[in-house]
Number of protein chains: 2
Amino acid sequence: MSRPSRRSRGTVTVQDVAREAGVSAMTVSRVVNGGSNVRETTRHAVLEAIAKLNYSPNSAARSLAAGEATQIGLLYSNPSAAYLSQFLIGALAAARRAGCHLVLEACEGERADEQAEATRQFAATSVEGVILPPPLSEAAPVRAELETAGIPWVSVAMGLPPERSLNVRIDDAAASAAMTKHLLDMGHRNIGFIRGNPNQTSSAERHRGFVEAIEAAGLDVKAMPVEQGYFTFRSGIVAAERLLDRKNPPTAIFASNDDMAAAAVGVAHRRGLHVPQDISIVGFDDTALATTMWPELTTVRQPIAAMAESALTLLLARLRAHRAGTNDKLEEQVLDFELIQRESCGPPPGAGKPAAGRAARR
Amino acid sequence: MSRPSRRSRGTVTVQDVAREAGVSAMTVSRVVNGGSNVRETTRHAVLEAIAKLNYSPNSAARSLAAGEATQIGLLYSNPSAAYLSQFLIGALAAARRAGCHLVLEACEGERADEQAEATRQFAATSVEGVILPPPLSEAAPVRAELETAGIPWVSVAMGLPPERSLNVRIDDAAASAAMTKHLLDMGHRNIGFIRGNPNQTSSAERHRGFVEAIEAAGLDVKAMPVEQGYFTFRSGIVAAERLLDRKNPPTAIFASNDDMAAAAVGVAHRRGLHVPQDISIVGFDDTALATTMWPELTTVRQPIAAMAESALTLLLARLRAHRAGTNDKLEEQVLDFELIQRESCGPPPGAGKPAAGRAARR
DNA sequence: GGACGAATTGTTAGCGGTAACGGTGGCTCG
DNA sequence: CGAGCCACCGTTACCGCTAACAATTCGTCC
């Protein structure tokens, strides 16, 4: 038996499906992508043929023929590993569907020239768009460099709507307010807050949500102790110690991320305070840390993987529009957060009972 | 001016390079890949043209034409997020170079049928090879399923050389022995060991290294307290408490991974023991946890990203050989580990001075 | 009933590379 | 000195899919 032509792997192609369904290859292609302008009966026949032959399109051929973007950059700067892995999982799923490759580039260092340099790496390679997870989503040097290189980008988890870029985020203020309300509902009236790094707008948003919830409860915000942190474990230690050193220490601490919350738990333990009996401590992000510590952390979950997927999808749409010449508007997507209740949070000491009904534990 | 043919993006192609260098496209291709049978002068001319035009090959076109593997599976089962992100970084780099896509699949659950089911997902999609990071690298159901589906795979971080599969690992026993020797050098003579999950051969290897180092120092292994752990934070708490409950508690604890070491540190703190003044605690893996805790952990670093790269490269070579019909031998690669000294480890209490010279901190 | 626009489908020509094979030219060897 | 072989390079024909356009069908309206 003669080999058909070249190396014919046993792959099913559009041609096979077309033959099976009695249509042309082009029609099959149309059905597979969006399926605009295909009669319902033909579509059905094609789908049936696809199912029968177990066809799955070859993404290499697809992106080659369509002239689609193939390299999308992802510039990260040591966010927590937990964040990064979740992010990569989401981004990878979207990238595979779109048939494009993710090009990772680490950006160590916070100096402007280091960031600019890392960005230039991308301009040099043939990266057609860039995803910027936090904290780089708002790094001015990076954005400036991309701007001059003419490479579109999408920011992730910026606290506020962007001016000139795509953005995917959650409503940090609302999430923070929800968490604060949860603490209030449990009976806490003296709540310490640890702010996040001021170089990220989400820090301000989280603080804003805290303030709003306090005020909405008719309490005095000025009475609540607030300390500055920088999202690092270390900065959390310092901030937590300052809070507990006060003459009237809070009965609950709301840290702007899990790392700082974990630090606060550590500080409390070293002072002989039990969590949550003596003090409640809650975080933000729901990274893996939240469950590898003890007690497990009550926190806010961001849908990180979904955000990454959204980001890539948005970026690809923009690139497509760019190529087609149509100027799409700068879009923004706001995804839902979730309040995760675990063991690090309870009613304040001395409270007879929690003020509000208990929510189910996860 | 008429558009060349279809949508011509401003990309540089082999044709352009060929024209510039005064050769055929095929020759350029040859130079780019391996470059067998190309005269030195021509190769030089081509390389110059490539540099001049800033050419970079289109991976989609390449893998389409070459008929290479395009989908490589990666079946993971909640290893620590830190491990996964490092692993993904390495795997992604290799995947992009090879022009293939990574298809992630989470395998929750440890039951055999769950694992088999997750594996079957891969057989259904057109995944041509699978990477198995720990702990799935040795999961019998997964391997059996892949075997019957005829999908090649590569195991990562299996403790021992494989029988029927590719494998990438470090020398766990040697690493463990090195760490043990480090503790001995510091003057510890009563070292507690927390074993890893027995479902992984690396656990046994790490214990073996510990034993060998103790014996090499002429000490009695039986005198050293050993507890069983399962690589989880929780199991580390239990094991550490047992160790410290002994009537003659150890002056140092060597946990088989960082999570359990972190748990041990937590237990020590809650008992009022200071680390490392009162007790030294060391781990294994050097995950991000090691530096987000306090004190930072002395541990063994595995080159996770490099292992992932190796794994993918090995797997692709195998697939290529498979396709060509040549039966390549089952290879194994052993990469180097590194001892990382941080603050969680010091001389035993009461020791006048460390027995050995101090190594530099990282 | 025929003209006409919209909806649906087919045809053609590549996307950018590379496998396979065919042609040089130079060198060895009988 | 011609056969034979090898190192080197070009030609051809695609890989699997889709943009652009051509062709066809279909309904609709006067």
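Because the structure is a prediction, the values reported are computed rather than measured. Just so we're on the same page: letters track the sequence lines, and every chain starts at 1.
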Test of understanding: with side chain to side chain donor-acceptor pair (under 3.5 Å), list the residues that count as partners of B/E108, not counting sequence neighbours. none
Can you pull out how bent the helix from C/dG1-D/dC30 to C/dG30-D/dC1 is, comparing the axes over its first five and last five pairs, to 10°? 50°
What pairs meet the salt bridge (Lys or Arg N to Asp or Glu O under 4.0 Å) rule with one or both residues in residues 89-99 of chain A, with sequence neighbours excluded? A/R97-A/E309
Take atom CD of B/E68 and atom C1' of C/dA19, then tell me their distance rounded to the nearest Å. 12 Å
Using atom CD of A/Q71 as one end and atom P of C/dG16 as the other, report the distance to the nearest whole Å. 14 Å
Rounded to the nearest Å, what distance is computed from the OH atom of residue A/Y55 to the C1' atom of nucleotide D/dC17? 7 Å
B/R39 side chain N/O closer than 4.0 Å to the phosphate oxygens (OP1, OP2) of D/dC8? no
Distance below 4.0 Å between B/S63 side-chain N/O and D/dC15 OP1 or OP2: no
Please tell me which of the listed nucleotides, D/dA19, C/dG17, D/dG16, lies nearest to the side chain of A/A66? D/dA19
Tell me whether the OP1 or OP2 atom of D/dC15 has a side-chain N or O from A/T13 closer than 4.0 Å. no
Tell me, please, which residues at least two apart from A/E48 pass side-chain contact (heavy atoms from CB on, under 4.5 Å). A/H44
List in numerical order all residues of residues 20-32 of chain B for which some heavy atom is under 4.0 Å away from an atom belonging to DNA chain D. B/V23, B/S24, B/M26, B/T27, B/R30
Could you check how far CG of B/N37 sits from P of C/dG25, rounded to whole Å? 18 Å
From CD of B/Q15 over to P of C/dG14, roughly how many Å is that when rounded to an integer? 13 Å
Rounding to a whole Å, what distance do you find between B/H101:NE2 and D/dG16:C1'? 14 Å
From the options D/dC9, C/dG16, D/dC17, select the nucleotide whose nearest atom is closest to the side chain of B/T42. D/dC9
Report yes if some heavy atom in the side chain of B/L315 is under 4.5 Å from a heavy atom in the side chain of B/P152; otherwise report no. yes
Check residues 16-27 of chain B and write down every donor-acceptor pair under 3.5 Å in which the side-chain atom is one partner and the other belongs to a residue at least two apart or another chain.
from	atom 1	to	atom 2	distance (Å)
B/D16	OD2	B/T13	N	2.9
B/E20	OE2	B/K52	NZ	2.9
B/S24	OG	B/M26	N	3.4
B/S24	OG	B/T27	N	3.4
B/S24	OG	B/T27	OG1	3.3

note: A/R19, atom CZ; D/dC17, atom P; distance rounded to Å ~ 12 Å
Hits for ring pair (Phe, Tyr, Trp, His ring centres under 6.0 Å) against A/F122, two or more places apart or cross-chain, chain-then-number order -> none
Restricting to pairs with a member in residues 28-40 of chain A, which pass salt bridge (Lys or Arg N to Asp or Glu O under 4.0 Å), not counting sequence neighbours? A/E40-A/R43
Is the shortest side-chain N/O distance from A/N58 to OP1 or OP2 of D/dG16 below 4.0 Å? no
Take B/R62 and B/E68, measure what salt bridge (Lys or Arg N to Asp or Glu O under 4.0 Å) needs, and give me the verdict at the end. CA-CA 8 Å; B/R62 195 207 296 254; B/E68 292 246 303; over 6 Å; no
In chain order, what residues pass the salt bridge (Lys or Arg N to Asp or Glu O under 4.0 Å) check against B/E138, with sequence neighbours excluded? none
Any side-chain heavy-atom pair of B/I72 and B/L316 under 4.5 Å: yes
Would you indicate, yes or no, if D/dT18 has its OP1 or OP2 atom less than 4.0 angstrom from a side-chain nitrogen or oxygen of A/N33? yes
Whole-Å distance separating the CG atom of B/L64 from the C1' atom of D/dA13: 13 Å
Closest nucleotide among C/dG17, D/dC9, D/dT18 to the A/A65 side chain: D/dT18
